Amino acid sequence: MTPARPKDELTRIAAELAHLPAAQRAERWLALDEETAADAFDLLHPWEQRELLEELGEDEVARLLEEMEPDDRVELLRHMPAEDADRALSGLSSAERRLTYALLAHPPRSAGRIMSPEFLALRPEETVAAALEQVREHGAGLETLLLLPVVDREGRLAGAVPLTELVCADPERPVAEVTDELYPAVDPDTDQERVARLMHEHDLVAVPVVDAERRPLGIVTVDDAIEVLEHEHTEDIHRAGGASEPLGIPYRAASVGRLVRARIGWLLFLVATGAVTVSVLDAFEATLGKVVTLTLFVPVLIGTGGNCGSQAATTMTRALAVGDVTLRDVVPAVLKETRVGLLLGLLFAALGLPVITALWSLDIAATVSLSLLAICTWATTVGAALPMLSQRLGVDPAVVSAPVVSSLVDATGLVIYLAIARAIVL
């Protein structure tokens with residue numbers, strides 16, 4: 001029997017496979033020994049798994065799908081065409097098919113979709129020695145034994161015990177004495193990001209999923225939580241960059257058409273908001289015509305405002321994502337960012353006033369300095385408020401992050417600048 005490969009070597013092999021064209025990937029994968037091939041397959045992105053399966057024979061596909069963990073299998077099926085997914089399900093054994101359908105019955109992006117439905121439950125009245133014997137007898141093949149749910153006679157969750165606690169406990173003690181009765185649990189419809197945040201905040205290796213009667217349905221493991229957080233982080237980055245939808249697949253697998261579709265929606269919106277900026281310039285054409293020097297500072301002012309707004313929006317979006325700020329904090333959070341913008345504006349104004357006065361005139365310098373003060377304050381206020389408003393409306397805060405805030409501040413910043421110029425210069 002071939003010895004198991006180290007984790008770092010498996011990661012390297014999986015990365016090598018991922019960067020190969022589909023046909024070459026299958027050829028390279030088939031050259032691996034059976035255990036290494038299975039482990040490397042598990043490390044591939046579901047889209048890459050799907051491409052690999054398309055190059056393999058039916059028997060090999062059926063074997064791989066049968067050996068996958070149910071939650072990993074469900075994620076792979078999500079990336080497959082409906083017809084192929086149905087064929088894959090029909091080829092599973094009745095036991096694995098039942099487990100897979102049990103996960104598919106739960107909403108996408110929920111705890112029920114990512115939980116492992118196979119787990120070992122203990123009884124509170126049994127001894128630690130008896131519990132460890134169960135682990136040895138029935139633990140093989142389970143995705144995790146790091147956390148063991150404890151259930152009462154009615155099958156309801158009575159708590160949980162980490163395996164480390166069990167191993168270190170006196171063998172004659174009852175399991176009830178080493179059980180954490182307050183161990184957190186979630187229901188299957190809980191959003192998977194909330195579950196991942198719960199595990200991160202409480203430093204949990206796993207969390208039980210229970211039904212309305214608190215009967216355990218499965219366990220969400222820490223590796224699943226890490227994948228969820230990585231996915232959510234990637235999605236937020238895409239949305240913050242102005243993509244209407246995240247790719248959902250590795251970049252190297254995305255076609256040009258898919259990249260265009262992911263970006264075109266918000267780009268059209270941003271072009272439309274750019275037309276508002278043109279309208280503002282047109283409305284103040286007479287003002288700019290009388291004092292042409294004012295036009296020199298337009299790029300600096302709208303750029304500074306856009307950057308201030310984007311910084312505030314990004315900070316607030318991240319704070320909302322990690323739970324550092326909630327909707328109850330909207331007023332103090334927005335006021336804090338307003339003060340930040342005010343101080344930034346004062347600093348910029350103080351730095352710019354003497355320089356612009358020396359190069360042009362005091363009235364131009366006063367106009368630009370006051371505009372910097374007003375635009376920075378306004379931009380950070382808008383940048384802080386929009387993500388919180390969007391979350392209140394049920395929209396992903398990342399959607400209204402940097403690009404949208406920047407475009408909005410460009411137009412309103414021009415109005416502020418030219419209104420101040422009309423009052424001071426003319």
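Worth saying up front: this structure is predicted, and the values here are computed from it rather than measured.
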Chemist: Less than 4.5 Å apart, any side-chain heavy atom of Leu56 and any of Leu52?
Modeler: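 Yes, their side chains come closer than 4.5 Å.
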
Chemist: Crowded around Glu27 CD? As in, over 12 foreign heavy atoms under 6.0 Å?
Modeler: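 No.
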
Chemist: CG of Leu142 to CZ of Phe119: how many Å apart, nearest 0.5 Å?
Modeler: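 It comes to 10.0 Å.
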
Chemist: Closer than 3.5 angstrom, by distance alone: can the side chain of Thr314 be matched with the main-chain N or O of Gln311 as a donor-acceptor pair?
Modeler: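 Answer holds: no.
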
Chemist: Would you say the side chain of Glu9 lies within less than 4.5 Å of the side chain of Ile13, judging by non-hydrogen atoms?
Modeler: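 Contact flag for Ile13/Glu9 side chains = yes.
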
Chemist: Carefully, step by step, assess Thr221 and Asp224 under the rule side-chain hydrogen bond (donor to acceptor under 3.5 Å, both in side chains).
Modeler: CA-CA 5 Å; Thr221 57; Asp224 295 321; 2.8 Å; yes

Chemist: Do side-chain atoms of Trp29 reach the backbone of Ala37 as a donor and acceptor pair under 3.5 angstrom?
Modeler: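 Looks like yes, one N/O pair under 3.5 Å.
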
Chemist: With a 4.5 Å heavy-atom cut-off, do Val128 and Asp170 have their side chains touching?
Modeler: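 Answer no - side chains too far apart.
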
Chemist: Between Thr179 and Ala160, what is the shortest heavy-atom contact and its length?
Modeler: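 Between these two residues, the closest heavy atoms are CG2-N, 3.6 Å.
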
Chemist: Taking all atoms of both residues into account, what is the closest heavy-atom pair of Ile416 and Ala374, and its distance?
Modeler: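 Smallest interatomic distance, heavy atoms only, reads CG2-CB, 3.7 Å.
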
Chemist: Is it true that, when you exclude Arg136 itself, more than 12 heavy atoms of the residues, nucleotides or ligands shown sit nearer than 6.0 Å to its CZ?
Modeler: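 Yes.
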
Chemist: Can you tell me how far the CG atom of Leu53 sits from the CG atom of Asp84, to the nearest 0.5 Å?
Modeler: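 So the gap between those two atoms works out to 9.5 Å.
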
Chemist: Go through Arg25 and Glu48 one step at a time and tell me if the salt bridge (charged side-chain N to carboxylate O under 4.0 Å, His left out) criterion holds.
Modeler: CA-CA 9 Å; Arg25 183 184 300 149; Glu48 294 155 354; 5.2 Å; no

Chemist: Is it true that, when you exclude Glu154 itself, more than 12 heavy atoms of the residues, nucleotides or ligands shown sit nearer than 6.0 Å to its CD?
Modeler: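 Above 12, so yes.
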
Chemist: Would you tell me whether Thr304 and Asn307 have side-chain atoms, one donor and one acceptor, within less than 3.5 Å of each other?
Modeler: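 Their side chains do not contain a donor-acceptor pair, so the 3.5 Å distance test is not met.
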
Chemist: Just wondering, are more than 12 heavy atoms of other shown residues or ligands nearer than 6.0 Å to CZ in Arg194?
Modeler: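 Not buried by this count: 12 neighbours or fewer within 6.0 Å.
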
Chemist: Determine whether Asp189 and Pro107 make a side-chain contact, defined as any pair of heavy atoms from C-beta on separated by less than 4.5 Å.
Modeler: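 Sidechains of Pro107 and Asp189: in contact.
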
Chemist: Could you give me the CA-CA distance, side-chain angles and deciding distance for Glu66 and Arg63, then say whether salt bridge (charged side-chain N to carboxylate O under 4.0 Å, His left out) is met?
Modeler: CA-CA 5 Å; Glu66 181 74 18; Arg63 183 184 67 81; over 6 Å; no

Chemist: Can you tell me if Thr380 uses its side chain to pair, donor with acceptor, with the backbone of Glu337 under 3.5 Å?
Modeler: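 Between the backbone of Glu337 and the side chain of Thr380 there is a qualifying donor-acceptor contact (under 3.5 Å).
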
Chemist: Is a side-chain N or O of His202 found less than 3.5 angstrom from the main chain of Leu204, in a donor-acceptor match?
Modeler: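 Answer holds: no.
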
Chemist: What's the spacing between Ile219 CD1 and Leu148 CG if we round to 0.5 Å?
Modeler: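 Spacing of CD1 (Ile219) from CG (Leu148) equals 7.0 Å.
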
Chemist: Does a sphere of radius 6.0 Å around CD in Glu34 hold more than 12 heavy atoms from other residues, nucleotides or ligands, not counting ones at 6.0 Å or beyond?
Modeler: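 Count not over threshold, so no.
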
Chemist: Between Val228 and Val195, is the side chain to side chain contact (heavy atoms under 4.5 Å, CB included) condition met? List the steps.
Modeler: CA-CA 9 Å; Val228 168; Val195 179; over 6 Å; no

Chemist: Can you measure from OG1 (Thr367) to CD1 (Ile420) and round to the nearest 0.5 angstrom?
Modeler: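 Interatomic distance, Thr367 OG1 to Ile420 CD1, rounded to 0.5 Å: 7.5 Å.
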
Chemist: Where is the tightest heavy-atom contact between Leu17 and Leu44, given as atom of each residue plus distance?
Modeler: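 Here Leu17 and Leu44 meet closest at CB-CD2, 4.1 Å.
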
Chemist: Kindly indicate, with the supporting measurements, whether the criterion side chain to side chain contact (heavy atoms under 4.5 Å, CB included) is fulfilled by Met199 and Leu229.
Modeler: CA-CA 11 Å; Met199 296 176 67; Leu229 293 177; over 6 Å; no

Chemist: Side chain to side chain contact (heavy atoms under 4.5 Å, CB included) between Ile302 and Val409: does it pass, once the steps are laid out?
Modeler: CA-CA 7 Å; Ile302 64 174; Val409 170; over 6 Å; no

Chemist: Show every side chain to side chain donor-acceptor pair (under 3.5 Å) that has at least one partner inside residues 97-108, sequence neighbours left out.
Modeler: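 Pairs touching residues 97-108 that pass the test: Arg73-Thr100.
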
Chemist: Is any side-chain heavy atom of Glu125 closer than 4.5 Å to a side-chain heavy atom of Val175?
Modeler: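 Glu125 does not reach Val175 side chain to side chain.
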
Chemist: Go through the side-chain N and O atoms of Asp39 and Thr36 and say whether any donor and acceptor fall under 3.5 Å apart.
Modeler: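 There is no such pair (donor and acceptor under 3.5 Å, judged by atom type) between the side chains of Asp39 and Thr36.
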
Chemist: Are any side-chain N or O atoms of Glu126 and backbone N or O atoms of Arg123, one a donor and one an acceptor, separated by less than 3.5 Å?
Modeler: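 Pair found, side chain donor or acceptor close to backbone of Arg123.
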
Chemist: Ala225 and Ala196: which non-hydrogen atoms are nearest, and at how many Å?
Modeler: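 Shortest heavy-atom separation between Ala225 and Ala196 comes out as O-CB, 3.7 Å.
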
Chemist: Test side chain to side chain contact (heavy atoms under 4.5 Å, CB included) on Leu347 and Leu343 and set out the steps.
Modeler: CA-CA 6 Å; Leu347 287 171; Leu343 287 175; 5.5 Å; no

Chemist: Give a yes-or-no answer on whether the side chains of Asp329 and Thr326 include a donor-acceptor pair shorter than 3.5 Å.
Modeler: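 A donor-acceptor contact under 3.5 Å links the two side chains.
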
Chemist: Taking all non-hydrogen atoms of both residues, which atom of Gly413 and which atom of Ile375 are closest, and how far apart?
Modeler: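 Closest approach of Gly413 to Ile375, heavy atoms only: O-CD1, 3.4 Å.
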
Chemist: Please name the pair of heavy atoms, one in Val207 and one in Tyr183, separated by the smallest distance, quoted to 0.1 Å.
Modeler: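 Distance-wise, the nearest heavy atoms are CA-CE2, 4.3 Å.
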
Chemist: To the nearest 0.5 Å, how far apart are CD in Glu193 and CZ in Arg109?
Modeler: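 It comes to 7.5 Å.
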
Chemist: Can you find a heavy atom in the side chain of Phe348 that is under 4.5 Å from one in the side chain of Leu373?
Modeler: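 Not in contact.
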
Chemist: With distance as the sole criterion, is a donor-acceptor pair present between the side chains of Glu69 and Ser116 under 3.5 Å?
Modeler: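 Judged by distance alone, the side chains do not pair up.
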
Chemist: Would a 4.5 Å heavy-atom cut-off, applied to side chains only, mark Arg50 and Pro81 as touching?
Modeler: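 With C-beta onward as the side chain, the pair touches.
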
Chemist: Flag yes if more than 12 heavy atoms outside Arg215 fall under 6.0 Å of its CZ atom; otherwise flag no.
Modeler: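 Check passes, neighbour count above 12.
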
Chemist: Is there a side-chain contact between Val325 and Met388 in this structure, where contact means two heavy atoms from C-beta onward sitting under 4.5 Å apart?
Modeler: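 Side-chain contact under 4.5 Å: yes.
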
Chemist: Could you measure the distance from the CG atom of Leu30 to the CD atom of Glu60? Nearest 0.5 Å is fine.
Modeler: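 Here the interatomic distance stands at 6.5 Å.
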
